[in-house]
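All residue numbers refer to positions in the sequence shown, counting from 1. If you're wondering where the values come from, they're calculated on a predicted model, not measured in any experiment. One-based numbering, in listed order, for ligands and for the atoms of each.
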Amino acid sequence: MSHEPILTARHVTKQFPAANGRLLTACDDVNLTVCQGRTLGIVGESGCGKSTFVKMLVGLLAPTEGEILFHGDDITKLKGEALRQNRRKIQMVFQDAWAAFNPKMRVVDIVTEPLLNFGLIRRSERAAKAQELLEMVHLPKEYIDRYPHSMSGGQRQRVGIARALALEPEIIVCDEATCALDVSVQDRIVELLVELQQKKGISFVFICHDVALVQSLSHQMAVMYLGNVVEVLPGHLVGTEALHPYTQALIGAIFSTRMDFTKKIESIESEAPSPLDVPAGCPFQNRCGHCMERCRREKPKLVEIEQHHEVACHLFSR
Ligand code: SF4
């Protein structure tokens with residue numbers, strides 16, 4: 001299978017109006033690529049801009065600046081029916097499957113609703129199609145008659161994935177899709193995503209605040225801080241090759257049985273500033289133990305350190 005780039009965000013910025021005529025910059029000049037049959041993980045604390053970014057990928061928000069190219073076409077310019085058709089190809093699985101479903105709908109209705117909306121099946125075909133979709137996510141086909149409240153969190157998330165699969169998308173965006181689940185259930189959902197990727201060549205964008213989880217399934221992992229991408233590197237190298245002081249701090253703060261739990265747990269110094277008060281220069285300066293005078297006046301650019309490894313930090317700029 002080729003792993004060609006299929007979705008590319010170029011210089012994507014998103015600003016929201018705030019009180020007193022100010023602007024909140026949720027994403028600042030983000031450049032990221034999703035490749036066919038690969039997983040792009042995005043990690044960072046709450047408010048880092050990762051959810052805003054993926055909402056732009058699926059067309060739920062429009063960027064203030066920049067373009068998002070899907071097979072070379074800028075999808076930020078799509079409107080009406082063209083935008084609706086594009087949504088078939090990029091689907092989303094939400095964090096809270098409970099809130100995402102209408103509690104009065106049975107599983108058969110939930111997973112086949114997108115197919116009916118696009119006129120791809122007749123109503124008489126719903127049960128057979130729903131059973132086929134449940135089989136893909138390893139749920140018993142009898143579950144088509146269940147309601148969301150009679151299922152566990154992990155089962156509901158499988159229904160969410162089945163619904164996302166219904167339109168045979170090229171990309172599935174998982175927005176904190178495993179965060180509300182127990183660790184063992186998380187692992188089984190991640191195994192399912194990997195299996196679906198291998199069988200169907202689907203690309204995933206997986207966002208989460210858990211570095212250990214994201215690196216375990218990401219071919220490339222992007223670290224975001226206050227709307228900026230500060231490091232991009234292959235997931236399997238995160239534990240050994242991560243360079244940015246913020247990535248290092250995230251790794252140091254992990255309390256997870258997935259990582260080496262004999263290591264001392266370190267917390268990140270102080271709090272992130274408000275996204276309304278991002279300092280000039282490096283956004284991480286007030287929490288960085290390596291901060292230099294240059295960091296306070298000049299914002300570091302994301303530069304390639306090695307193939308597939310980029311860092312935005314003056315410690316590594318040439
Ligand atoms: Fe720290 Fe300076 Fe690097 Fe920012 S640019 S992470 S303040 S060393």
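Each of V223, V230, V232 was evaluated against H244; a single residue qualifies, V230, per the side-chain contact (heavy atoms from CB on, under 4.5 Å) test.
Those atoms of ligand 1 that come under 4.0 Å of a heavy atom in L315, given as number and element, are 8 (S). Under a 4.0 Å criterion applied to the non-hydrogen atoms of C313, ligand 1 contributes the atoms 3 (Fe), 5 (S), 6 (S), 8 (S). In the vicinity of P245, heavy-atom distances shorter than 4.0 Å reach the ligand 1 atoms 6 (S). Near Q285, with a cut-off below 4.0 Å to any heavy atom, the atoms of ligand 1 are 7 (S). Of all the atoms in ligand 1, the ones that sit under 4.0 Å from a non-hydrogen atom of C295 are 2 (Fe), 5 (S), 7 (S), 8 (S). Here is the list of ligand 1 atoms found below 4.0 Å of a heavy atom in H314: 3 (Fe), 5 (S). When each atom of ligand 1 is checked for a heavy atom of H244 under 4.0 Å away, the hits are 6 (S).
With respect to the salt-bridge test (charged N to carboxylate O, under 4.0 angstrom), the residues R10 and D74 do not qualify. Taking 4.0 Å as the cut-off between side-chain N and carboxylate O, E113 and R163 count as a salt-bridged pair.
When the heavy-atom distances from atom 1 (Fe) of ligand 1 to P279, C282, C288 are ranked, the shortest goes to C288.
By the 30° and 60° cut-offs, the orientation of the rings of Y225 relative to F284 is perpendicular.
Between the CD atom of Q220 and the CD1 atom of I42 there is a distance of 11.5 Å, given to the nearest 0.5 Å.
Using a 4.5 Å cut-off between side-chain heavy atoms of Ile, Leu, Val, Met, Phe, Trp and Tyr, with links allowed through other members, L69 and M56 fall into different hydrophobic clusters.
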